[in-house]
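The chains referred to below are lettered A, B, ... by the order of the sequence lines, with proteins before strands, and numbering in each begins at 1.
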2 protein chains.
Amino acid sequence: MFSKLCDTGAMSASSLRARVRSEMHQEIKEVARRHLAAEGANLSLRAVARDMGIVPSALYRYFPGRDALLTALIVDAYEGLGAAATDAEAAVPREDLRGRWFAVCRAVRSWALAHPAEYGLIYGNPVPGYVAPQETVVPAAKVVLLLAAVGRDIPGDALPAGPPVPEPVRADLRRLIDERPGDLPEERLDRVFAAWTHLFGLVSFEVFGRLDTIIVARAEYFEHHVALLADLAGLP
Amino acid sequence: MFSKLCDTGAMSASSLRARVRSEMHQEIKEVARRHLAAEGANLSLRAVARDMGIVPSALYRYFPGRDALLTALIVDAYEGLGAAATDAEAAVPREDLRGRWFAVCRAVRSWALAHPAEYGLIYGNPVPGYVAPQETVVPAAKVVLLLAAVGRDIPGDALPAGPPVPEPVRADLRRLIDERPGDLPEERLDRVFAAWTHLFGLVSFEVFGRLDTIIVARAEYFEHHVALLADLAGLP
DNA sequence: GGTCGTCAAGAACACTGTTCTCGTCGAGTT
DNA sequence: AACTCGACGAGAACAGTGTTCTTGACGACC
C-alpha cells in the first residue's frame with residue numbers, strides 16, 4: 001500500500017518516516033550545493049556520499065541518479081532566485097514603479113553573487129544530455145514576469161523613441177500577451193524583454209568574471225545600467 | 001640540442017617533423033571539437049583517442065592533459081569568433097557606421113549559432129578549476145574593441161538622453177580609454193559596453209535555448225534589438 | 001508473530017584522467 | 001656507417017567516477 005494513503009490512525013508514525021526522508025533529501029541537496037560551490041559544475045556523487053558518511057549507492061534511495069540530483073538543485077535555484085526577486089519586489093510600495101524595477105534587478109544580482117555556482121547551473125552552459133523538465137519553466141519565468149508586471153503598471157503608452165517592432169516579433173509578443181492575463185502593449189513588452197536580456201547579460205558577465213579586469217566599480221556600474229534600461233522601458 | 005635551433009641544412013626534415021606534429025595537434029582538436037558538439041562540455045580524452053585509433057596515453061605527447069586541450073579549444077574559439085567579427089566588419093565601407101555595427105553583431109550571432117558548443121565553452125559557465133590563461137584575454141576582447149572602434153568613428157558627441165554616468169564608473173572608463181589609443185568620450189564607451197553586454201545576453205539566451213518557447217522569429221528579434229542598441233549607442 | 005517494504009552496505013562493472021614503463025624507429029652526431 | 005638520443009605509440013596500472021545488483025537488518029503493518 002502507499003503509505004501516503006494510510007489513514008489518521010498510524011499517520012504520525014508514517015509521516016515521521018516521510019519527514020526523515022524529506023530531511024535526508026534536503027541534507028543531500030545541501031551537501032551537494034556545498035560541493036557545487038567549491039568544485040564547480042562537475043558534481044561527484046561519491047564525494048557527496050563521503051561527506052555524509054554513507055556509501056554512494058545509498059544515495060540512490062533518494063535520487064534516481066546524478067542527473068536527478070542536479071535537476072533538483074536546478075529547480076531549487078530557480079525557486080530561490082524567483083523568491084528573492086519576488087520578496088524584494090513585494091516590499092516596495094505598488095506605486096513606486098521605478099523602485100519595484102530596481103528591487104527586482106538588485107535582487108537578481110545579489111542572489112547571483114551570493115550563489116554563483118547555482119546561478120551558473122541555471123544561466124550558464126546547459127548541461128549535455130539534460131533537457132529542462134516541465135517543472136523548471138514556471139520558476140524560470142518568474143523574473144521576467146515580475147519585470148512585465150511592473151511594465152504593465154506604467155500608466156499610458158508613452159515610450160522613448162526607437163525602431164519599430166517588426167511584424168513577426170509583434171506576432172510572438174501578441175501570442176505571449178494573449179497567453180497571460182496581462183494586457184500591456186506589445187512595444188512595452190518588447191522593451192521589457194530587452195531589459196530582461198540585458199539584466200541577465202549584466203549579471204552573467206559579472207558572476208562569470210568577465211568584468212574582473214575592466215570594471216572595478218561593479219555595483220555602480222550595475223545600478224547605472226539598470227537605470228538606463230528602466231528609461232528604455234519607459235519607467236518614469 | 002633543440003631541433004628548433006638547427007641550421008638550414010637539415011631544416012626541411014626537422015620542419016617536416018614539426019609539421020606532422022602540428023597536424024596531429026590540429027587533428028586532435030578537430031576530433032575534440034566534434035565530440036564537444038555531440039556530447040557537451042564533458043570532453044572525454046579516451047573517446048577522442050578512440051576516434052583517432054590511438055591509445056589514450058598517446059595524446060599526452062601533444063597535450064599535457066585534458067585542461068590543456070580544453071584551453072587550446074577555448075583559445076581557438078575566441079580567435080574564431082574574433083576573426084568572424086573582424087572579417088564581417090572589414091567588409092563594410094568605413095563610413096557606413098551602422099552597417100559596421102550590424103556586421104559585428106550579426107557575425108557574433110552567426111558564429112555562435114554555427115558553433116554552439118564552442119560558444120558555450122567561452123561564454124557559458126567557467127569550468128571549475130580553470131583560470132583563463134593570458135593568451136585568451138586579447139582574442140576575448142576583440143568583439144568589444146570592434147564595437148568601440150565603430151563608436152569612436154561616430155562624429156560629434158551626441159547621444160540619446162539617459163541617466164548620468166556615476167563618477168566611479170567614469171573613472172573605470174577613463175582608465176580603459178587611457179590604456180588604449182582610442183579617444184572616444186566616456187559616455188559613448190558606456191553605451192558601447194551596454195550594447196556589448198546586451199549583445200552577448202541576446203546571443204546567449206538564443207544559443208542556450210532560453211528563447212525556444214517564447215520567440216519563434218529569432219532572426220527578426222535579434223535584428224530589432226540590435227537596432228535598439230545601435231540607437232542607444234548614438235549611431236545615426 | 002509473521003510479512004513486507006525501506007534502508008544501508010558492499011561488491012561489481014564499465015568508464016574516466018593520468019602516469020609509468022617498455023620497445024621501436026628515425027634523425028643528428030661522430 | 002655505427003651510435004646515440006629524442007620522440008613516439010602501446011600497454012599496463014592506479015585512483016577515481018556513475019550505476020547496478022545482491023545481501024542483511026530493522027521497523028511498520030496485517
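Following rounding to the nearest Å, Glu27(B) (CD) and dG9(D) (P) show an atom-to-atom distance of 11 Å. If you take CD1 of Ile54(B) and P of dA10(D), they are 7 Å apart, rounded to a whole angstrom. Straight-line distance from the CG atom of Leu69(A) to the C1' atom of dT17(D): 15 Å, rounded to whole Å. In this structure, Leu70(A) atom CG and dT19(D) atom C1' are separated by 15 Å, rounded to whole Å. Protein atom CD of Glu23(B) is 16 Å distant from nucleotide atom C1' of dC8(D), rounded to whole Å. When the C1' atom of dA27(C) is taken as reference, atom CZ of Arg21(B) falls 16 Å away, rounded to whole Å. With rounding to whole Å, Tyr60(B) atom OH is found 12 Å from dC20(C) atom P.
Using a 4.0 Å cut-off on heavy atoms, the residues of residues 43-53 of chain A that approach DNA chain D are Leu43(A), Ser44(A), Leu45(A), Arg46(A), Arg50(A), listed by number.
Under 4.0 angstrom from either OP1 or OP2 of dA8(C) there lies at least one side-chain N or O belonging to Tyr62(A).
Residue pairs meeting the side-chain hydrogen bond (donor to acceptor under 3.5 Å, both in side chains) criterion with at least one member in residues 74-91 of chain A, sequence neighbours excluded, are Lys29(A)-Asp76(A), Arg33(A)-Asp76(A), Tyr78(A)-Arg210(B), Glu89(A)-Arg94(A), Glu89(A)-Arg100(A).
DNA chain C is contacted by both Gly65(B) and Arg61(B); Gly65(B) maps to the nucleotide lying nearer its 5′ end (nearest heavy atom per residue).
Judged as a ring pair (Phe, Tyr, Trp, His ring centres under 6.0 Å), and not counting sequence neighbours, the contacts of Tyr123(A) are Tyr119(A), Phe200(A). Qualifying ring pair (Phe, Tyr, Trp, His ring centres under 6.0 Å) partners for Phe63(B), counting only residues two or more places apart in sequence or in other chains: His25(B). Residues that satisfy the side chain to side chain contact (heavy atoms under 4.5 Å, CB included) test with Pro168(A), not counting sequence neighbours, are Pro166(A), Ala217(B), Glu220(B). A search for ring pair (Phe, Tyr, Trp, His ring centres under 6.0 Å) contacts involving His35(B) returns nothing, not counting sequence neighbours.
Contact annotation for Arg66(A): backbone-only contact, meaning every heavy-atom pair under 4.0 Å involves sugar-phosphate atoms and none involves a base. Within 4.0 Å of Phe63(B), counting heavy atoms only, lies no atom of the nucleic acid at all.
Listed for the Asn125(A) side chain is no donor-acceptor partner under 3.5 Å among the backbone atoms of Gly124(B). In this structure, the side chain of His115(B) engages the main chain of Trp111(B) through a donor-acceptor pair within 3.5 Å.
Closest contact between the side chain of Ser57(B) and the listed nucleotides dA8(C), dA10(D), dT20(D) involves dA10(D).
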